[in-house]
Amino acid sequence: MNDASERKLILSHFWVAFIAFVVACFMGEYQVLERSGFIAAWDSPSVYFASVSTHGVLMAFVLTTFFIMGFGYAIAASSLKQPLWNKPLAWLGFWMALIGVVLAAIPLLSGKASVLYTFYPPIVAHAAFYIGATLLVVGSWFWCVIMLVMFKQWKQANPGETMPLAMFATAMNALLWLWTSAGVAVEVLFQLIPLSLGWIDTIDPGLARTLFAWTLHPIVYFWLIPAYIAFYVFVPKQAGGYLFSDEMARLAFIVLAVFALPIGFHHLYMDPEQAKGWKFLHAIGTFVVALPTLVTGFTVIASLEIAGRLRGGKGMLGWVVCLPWTNTMVLAVILSLLMLIFGGFGGIVNASYAMNAMVHNTAWVPGHFHLIFAGTTVIMYLAIAYYVWPILVRKPLFSQPLAIVQLWTWFLGMTILTTPWHVLGLLGQPRRISTVVYNNLLTLAWKPYEFMMIFGGLILLGSAVLFIYILAKTQLSASAETVSVTIEFAEPLHAVESLPLWLNDFKLWNKVIAVLMAISFGYPILQFFFMDTSGSSPWGY
Ligand code: HAS
Ligand code: CU
């Protein structure tokens, strides 16, 4: 990473991502307080929904998209060992996305886009919200183009060679994101923008929810893939060992990307607009997509075991003790995997139709996704930041011990926040509503859990502020100490000698995705055009 202009590009993306992150953490703490109803003076559905909509957009769309773009540029430049292709285009994408965020923030903060991050119609926001979101997505498409062009150029320049794993996964994620964002893009362009501008009078919520479901599942894997990239290409090296299997890693990324797409109806199990046969088809795919995560768990734990044994670990579990627990990347992966156990278990419960009926639209669901996204996934974003910051700013990390404290507090805060949400969901507490004080015997049982969630949120807020503090202090320090200037990638235990084309390229997989999407979404979308529907009037600010 010798090119200063590339480092500036990457840092700019990361700063937008992490500022969005810390602002959203403040909102999160306000929201748990408001929801609990403990401070009567704070009760305000309008402020609550403005806040929770902004929080969701900042975390799910701004933190993720900007982080993924910045990380992608870092991976492309360092793993392919070549300059970034078309930096002006990358900056254009950055500015377009940033202007989109600012445009969307105005109605969000003024209560004119309190439609939550899933913006399900017939609730409708000010048009600026949808136009801003569109600019963010179009900006990210420039990033996709750059990643795919660099992937192709490298293949042409190195015929028959194995694409570095990190770049293989990054380009796969770019392809996944193009497919993923198509659903919501059609919804926003043809339904929500015309509705919010008054060009059409009614909207079909069933069609809109189907198009959003196209996006809603694969988007979570778009967020997750950078964490898995760190699992595979950074962790084994940082732990002092080798990647257990490069080929298995590629296979996991392929299955993740292919099966993330045709399964979105597990978000619509309780919806009437799709028939049970289609839901069943998507349910099968949902269980298939859990497999690459199990493979990932296996490969990463095997890689950690190799490292632990090389460091002198003996017996069945002695290697766990011998791992470098004070290395931020290693600590983060251990905490991430621990959160994945229950976060993933919750996902399997959600995916099982009968159990989904018990937890759908309850506090269980935010419990699931905070644990697996804000926990498992984001803790790896934090660890990646600690790893690349010294390389990007050419100064040593401000404080390793503080970074360790920060990671532990993030883990503790997230478990203390999400455990009560799972219980509250089972006790019938709805999601997507403001203050939940019904003053009856059932809601009395909620009280202790609400105390817990407020406490968890407070720890998380402190942890987020500490994170930003460490990054800022690192960047602003006057240190002249020399630090490593390159990103280092893990070596596989057995060198990859030759790979079949289907593990080294994704032309085939692109076609498989097209066929699976036509099967799983073709009829469910087309039916709206030959069904007699009356549409719904908008309901908004
Ligand atoms: Fe999910 C809802 C199903 C994974 C995010 N999910 C959501 C929503 C979000 C989200 C944001 O089927 C809410 C959307 C909304 O607002 O309405 N999800 C799943 C399933 C998985 C899953 C089956 N979700 C994720 C990931 C996310 C995410 C990843 C973000 C990054 N999810 C659902 C369903 C719903 C849903 C339904 C709809 C709910 C409803 O009704 O609304 C799977 O991919 C999970 C697979 C994971 C596992 C875990 C394996 C465990 C391992 C750890 C091993 C570690 C060990 C420890 C042993 C099966 C591999 C080692 C220790 C050492 C010390 C070394
Ligand atoms: Cu999903």
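Sequential numbering from 1 along the given sequence is applied to the chain's residues. Atoms within a ligand are numbered from 1 in the order they appear, just like the ligands themselves.
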Tested for salt bridge (Lys or Arg N to Asp or Glu O under 4.0 Å) against D271, the lone hit among R209, K276, K279 is R209

Exercise. Taking atom types as modelled, is there a side-chain donor on E34 or S434 under 3.5 Å from an acceptor on the other?
Worked result: yes

Review point. Going by atom types only, do S520 and W278 share a side-chain donor-acceptor pair under 3.5 Å?
Key: no

**OP:** Look at the side chain of D204 and the backbone N and O of G206, then say whether any donor-acceptor pair between them is shorter than 3.5 Å.
**Re:** yes

### Query
Taking side chain as C-beta onward, heavy atoms only, is W509 less than 4.5 Å from M172?
yes

Looking only at side chains, do E273 and Q527 share a donor and an acceptor under 3.5 Å apart? no

Q. Are F373 and F369 close enough that their ring centres sit under 6.0 Å apart?
A. no

- Query: Do Y232 and S303 meet the criterion of a side-chain donor-acceptor pair at a distance under 3.5 Å?
  - Reply: no

_Less than 3.5 Å apart, any donor N or O on the side chain of T210 or Q274 sitting next to an acceptor on the other?_
yes

Atom 62 (C) of ligand 1: closest protein heavy atom, distance to 0.1 Å, is L338 CD2, 4.3 Å

Honestly, for V365 the part within reach of ligand 1 (heavy atoms, under 4.0 Å) is side chain

So the atoms of ligand 1 within less than 4.0 Å of a heavy atom of L224 turn out to be 29 (C)

For T377, the ligand 1 atoms with a heavy-atom partner under 4.0 Å come out as 31 (C)

For R432, the atoms of ligand 1 under 4.0 Å from one of its heavy atoms are 16 (O), 17 (O)

**Item:** Check: Y117 side chain, M59 main-chain N or O, donor-acceptor pair, under 3.5 Å
**Value:** no

Among non-hydrogen protein atoms, atom 46 (C) of ligand 1 lies closest to A290 CB, 3.9 Å

min-distance protein heavy atom vs atom 63 (C) of ligand 1 -> I334 CG2, 4.4 Å

Near Y117 (heavy-atom distance under 4.0 Å), the atoms of ligand 1 are 11 (C), 13 (C), 14 (C), 15 (C), 16 (O)

With F467 as partner, the option from Y381, F14, F18, W410 fulfilling ring-ring contact (aromatic ring centres under 6.0 Å, His included) is F18

- Hey, is OH on Y242 packed in by over 12 heavy atoms from elsewhere, all under 6.0 Å? no

The atoms of ligand 1 lying under 4.0 Å from a heavy atom of T286, numbered in the order shown, are 23 (C)

re atom 48 (C) of ligand 1, the protein heavy-atom contact at minimum distance is G344 CA, 3.5 Å

If you scan protein heavy atoms around atom 12 (O) of ligand 1, the nearest is A351 CA, 3.0 Å

Candidates M339, H267, M59; heavy atom nearest atom 36 (C) of ligand 1 found on H267

TODO: State if M358 counts as touching ligand 1 under the rule of any non-hydrogen atom under 4.0 Å.
DONE: no

R431 versus ligand 1: do any nitrogen or oxygen atoms come within less than 3.5 Å of each other? yes

Review point. If you measure only the distance, is there a donor-acceptor pair under 3.5 Å linking the side chains of Q406 and Y386?
Key: yes

Numbered in order shown, the ligand 1 atoms found under 4.0 Å of a heavy atom of L294 are 50 (C)

Original post:
Got an N/O contact under 3.5 Å between T118 and ligand 1?
Top reply: no

- Counting only N and O atoms by type, is there a donor-acceptor contact under 3.5 Å from the side chain of R35 to the main-chain atoms of I433? yes

**Asked** Taking both backbone and side-chain atoms of H360, is any N or O found less than 3.5 Å from an N or O belonging to ligand 1?
**Response** yes

min-distance protein heavy atom vs atom 56 (C) of ligand 1 -> I341 CD1, 3.6 Å

Q) Distance-only, no hydrogens or angles: does the Q400 side chain make a donor-acceptor pair with backbone N or O of T326 under 3.5 Å? A) yes

Near L337 (heavy-atom distance under 4.0 Å), the atoms of ligand 1 are 53 (C), 55 (C)

Going by distance only, is there an N or O of N356 that falls short of 3.5 Å from an N or O of ligand 1? yes

heavy-atom search around atom 44 (O) of ligand 1 in the protein gives Y221 OH, 2.3 Å

Report for the Cu ion (ligand 2), protein N, O or S closer than 2.8 Å, by chain and number, lists H217 ND1, H266 NE2, H267 NE2

Note: ligand 1 atoms sitting under 4.0 Å from heavy atoms of G297 are 60 (C)

The protein N, O or S atoms lying under 2.8 Å from atom 1 (Fe) of ligand 1 are H368 NE2

### Query
Ring centroid separation for H13 and Y73, is it under 6.0 angstrom?
yes

- Side-chain touch P121/L192, heavy atoms, less than 4.5 angstrom: yes

In this structure, CD1 of I263 is separated from OG1 of T286 (nearest 0.5 Å) by 4.0 Å

Worksheet item: Is it true that F67 and F21 have ring centroids separated by less than 6.0 Å?
Response: no

>> Keeping H282 on the side-chain end and F265 on the backbone end, is there a donor-acceptor pair under 3.5 Å?
In response: yes

closest protein heavy atom to atom 61 (C) of ligand 1 is I301 CD1, 3.7 Å

Any donor-acceptor pair under 3.5 Å from H422 side chain to T418 backbone: yes

